[in-house]
Amino acid sequence: PWRIAGVLLEADEPIWRPGFSTGAVETLPPAAPPPPRLETRSLTVRRIDGTGVAPPAVIGALTERIRNAAGTRILLCPTAPIAMDRGVNHDLRLELNENGVAGSAGGVPLNDRPTVVFQEGE
């Protein structure tokens, strides 16, 4: 079966944006740094029930391994490759934090094998 070893998120605008600091003189004890304005909260692979009755089941989670300085490219990896069940619908679900709280979310469908193989009918 096909397995997911990582996902590269890439965008024209930063996916990770640092928080704004006030620039005020530091106090003792130092203030906590502000939360990022935008960051990935979670990226999961879910198995979709074909009947539409059961909610999607998370079969794996990916965490951030590295990102570029601009925050426009982020590599996320699971602890072990995530196996895709053949003949079953899956999706990739991304959830973001905005200013430290839950923000936007979305998903894209995943085939049970690489798209080029899927398109060739294998």
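Position 1 is the first residue of the sequence, and the numbers go up from there. Here the structure is a predicted model, which means the values were calculated and not measured.
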Anything under 3.5 Å between a donor and an acceptor, one on a side chain of residues 9-20, the other on a protein residue two or more places apart or in another chain? List them.
residue	atom	partner	partner atom	Å
Glu10	OE2	Arg73	NE	2.6
Glu10	OE2	Arg73	NH2	3.1
Glu13	OE1	Arg17	NH2	3.4
Arg17	NE	Pro14	O	3.3

With the side chain counted from C-beta on, respond yes when Leu62 and Val45 share a heavy-atom pair under 4.5 Å apart, and no when they do not.
yes
Would you call Leu96 and Arg41 a side-chain contact if the rule is heavy atoms closer than 4.5 Å?
no
Would the number of heavy atoms belonging to other residues, nucleotides or ligands and lying under 6.0 Å from CG of Leu8 be above 12?
yes
Closest approach of Gly6 and Pro78, non-hydrogen atoms and distance?
N-CD, 4.2 Å
Minimum heavy-atom distance between Arg3 and Ala83, given as atom pair plus value:
CG-CA, 3.6 Å
Would a single hydrophobic cluster contain both Leu38 and Leu75, if residues Ile, Leu, Val, Met, Phe, Trp and Tyr are joined by side-chain heavy-atom contacts under 4.5 Å?
no
If we check side chain to side chain contact (heavy atoms under 4.5 Å, CB included) with His90, which of these qualifies: Leu110, Ile4, Val108?
Leu110
Between CG on residue Leu94 and OG1 on residue Thr40, distance to nearest 0.5 Å
7.0 Å
Considering residues at least two apart in sequence or located in another chain, which fulfil the side-chain hydrogen bond (donor to acceptor under 3.5 Å, both in side chains) criterion with Asp85?
Arg47
Cluster overlap Val7 with Met84, hydrophobic side-chain contacts below 4.5 Å
yes
For residues 60-69, which residue pairs qualify under side-chain hydrogen bond (donor to acceptor under 3.5 Å, both in side chains), counting only residues two or more places apart or in two chains?
Glu64-Arg67, Asn68-Thr72
Minimum heavy-atom distance between Ile82 and Gly60, given as atom pair plus value
CD1-CA, 3.6 Å
